[in-house]
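For reference, the structure is listed below as structure tokens.
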Amino acid sequence: MNKPPIRVRFAPSPTGQLHLGGARTALFNWLYAQHHGGEFFLRIEDTDRERSKEEYTGQIIGSLDWLGLQWSEPLLFQSERTGAYKNAIHKLLDNGSTYRCFLTRDELDRAREKAQAKGGDFRVPKTYRDIPLQEQKRLLNAGQSFTVRLKIPPGKTLFKDHIYGDISVNNEEIDDFIIARSDGTPTYNFTVVVDDYTMGISHVIRGEDHISNTPKQLLIYEALGYPAPEFAHLPMILGPDKKRLSKRHGAAGIQEFRDTGYSADALLNYLVMLGWNPGTEKELFTREEMVAHFDIRKVQKKGAVYDEKKLHWIAGQHLARASEDEILQAIRGEEPNWQRHAKDEYIHHVLKLMKIRGKTLNELKDMTGYFFSDPLKFDPNTAAKRWKDKSVNKLIEKYIQRLENAAKWAAADLDAALRATAEDMAVSAAKLIHPVRLAVSGQSQGPGLFELLELLGKMTCIRRLRKSLTIFPLTND
RNA sequence: GGCCCGUUCGUCUAGGGGUUAGGACGCCGCCCUCUCAAGGCGGUAACACGAGUUCGAUUCUCGUACGGGCUACCA
């Protein structure tokens, strides 16, 4: 027994940008393929002419590309497969598993409204399901427009979902639904089946919102005589209100996560933990580790609420673990000219010092400005607190003198020099440390002061300290 | 309304007939310390409800409640 190859797909419709839910569906498909040595395909479901937009196709592809969820060729567009759908519809018309329905949309709408007013439970009337051939011909010749509906057979439709287990539905619950509209175009449930079959998809992994579509699609597989794939439905990603996450909840577009400086790996790591667990307590994963550990049976059934705080934490952990060069490459990937004037070696030092202090690439960029140019802004609260009066100027002057005479410019020596100065002046080291930090960085916080001074270099430090003597204290007295 | 699915700390989750119900984020406190992070230690907080099965249910069964999805000539 040799197993059929594993082929999965992600099939977004280009009616909006790629959002968190779509990205997770894509990720789980990709992981499933990677883990099992299968292939991952992409299919653009652009049959809704009204809502589909080419720019969204571009955005979705761009986001997937950024996430690094590489798909195999060919990339399929449903809009280019009209021929295949037509053939399949004819096949079903010929083999009698479908019928032409001459009910008009208006008729149906009215009947539906009436039924709903009376308490719901509207069923599509099977008026034309079994009319004689002559009558059909007559209507056709009269130019009556029609839709093609699937004849739902009696019985039960059941399937085994890899995540939800056995699911069954009585066929009576399913209407003779439309597979081809009156303009001849196929509907969603139909195109999905035709495409999944022709693409040789072995496992359909998609959102839980498709569970109720599955029996319908299974019935189409049956009518077409195609073998059905296996199914796995993923729980929804929810907003804080427990409703399916959407634009209303804020940052749902992948592009926004990229814009706020999250790395693709961190986002993927967060996403994989949303609704899945490895069965161990590990929760920080590299891409390779995700592939190695992924097991679809460990996917949750319950919808998961998106929590930005946790994403932020994971992003910080990824940053702390990343090499300085990886971080630099990631930043330059977004902003090619970032700090081009500085030497890579110097930037690496800066990043080494700062990477555990930021969670996102943007935070890192924002907090490292003073490593590359003299600070122009000085935190006024810190100035008020740490540099109250002229007495501080005296201390700084003394420290500058020592620094100028420093033989070695290394953290330990700068430290010793500062403590010696403090001792001379009979003050605590802190009385000097804080104002020096303010003078040199404009900030009240940052890396260890002496590592900072060492990295900035003698000239820069002395320049900034001198300058600060002309600025502080802020209050004149 | 009908059908399908779900329900363990605020959130993500582990567990599973007998556990002090475990971990993570967040929050709080302490330690480290020149600050901020990071890190370490500790704390806070959960089995929706009701029956049944059982010596014993958070765990199994059935109901109820609540939540979600679907119910289109959208995908």
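Lettering follows sequence order; numbering is per chain, from 1.
Put simply, the side chain of A:S182 and the base of B:rC73 share a donor and an acceptor less than 3.5 Å apart.
B:rG23 sits 15 Å from B:rU44 when the C1' atoms are compared, rounded to a whole Å. Atom C1' of B:rU20 sits at a distance of 24 Å from the matching atom of B:rG26, rounded to the whole Å. Distance check on atom C1': B:rG52 versus B:rA46 gives 25 Å, rounded to whole Å. When the P atom is used for both B:rG67 and B:rU54, the distance is 35 Å, rounded to whole Å. Of the P atoms belonging to B:rC62 and B:rC5, the separation is 12 Å, rounded to the nearest Å. Nucleotides B:rG6 and B:rA14 are separated by 15 Å at their P atoms, to the nearest Å.
Using a 4.0 Å heavy-atom criterion, one finds that A:Q300 contacts the sugar-phosphate atoms exclusively. If you check every strand for non-hydrogen atoms under 4.0 Å, A:I237 touches nothing. When heavy atoms are screened at a 4.0 angstrom cut-off, A:R51 is found touching base atoms of the nucleic acid. In this structure, A:H210 reaches the bases: a heavy-atom distance under 4.0 Å links it to at least one base atom across the strands shown. Using a 4.0 Å heavy-atom criterion, one finds that A:G275 contacts the sugar-phosphate atoms exclusively. Within the 4.0 angstrom heavy-atom criterion, no nucleotide atom of any strand lies near A:P240. A:A429 comes within 4.0 angstrom of no nucleic acid atom, judged by non-hydrogen atoms across all strands. Counting non-hydrogen atoms under 4.0 angstrom, A:K298 reaches the backbone sugars and phosphates but no base.
Both tests hold for A:R100 against A:F146: distance to the six-membered ring centre under 6.0 Å, angle to the ring axis within 45°.
In this structure, A:E172 places its CD atom where more than 12 heavy-atom neighbours from other residues, nucleotides or ligands lie under 6.0 Å away.
With hydrogens and angles left out, the side-chain atoms of A:Y85 and A:D195 include a donor and acceptor closer than 3.5 Å.
Closest to the side chain of A:N213, out of B:rU13, B:rC25, B:rA75, is B:rA75.
A tilted orientation is assigned to the rings of A:Y262 and A:F257, their planes being inclined by 30° to 60°.
In a base pair of the Watson-Crick type (N1 to N3 plus N6-O4 or O6-N4) or a G-U wobble (N1-O2 and O6-N3), with each distance short of 3.5 Å, B:rG42 is matched with B:rC28. Across all strands shown, B:rC70 forms a Watson-Crick or G-U wobble pair, both distances under 3.5 Å, with B:rG2. In this structure B:rU61 sits in a base pair with B:rA51, meeting the Watson-Crick or G-U test at under 3.5 Å. Base pairing annotation: B:rC9 forms no Watson-Crick or G-U wobble pair, as no partner gives both donor-acceptor distances under 3.5 Å.
Side-chain contact between A:L234 and A:T25 is present, with heavy atoms from C-beta onward closer than 4.5 Å.
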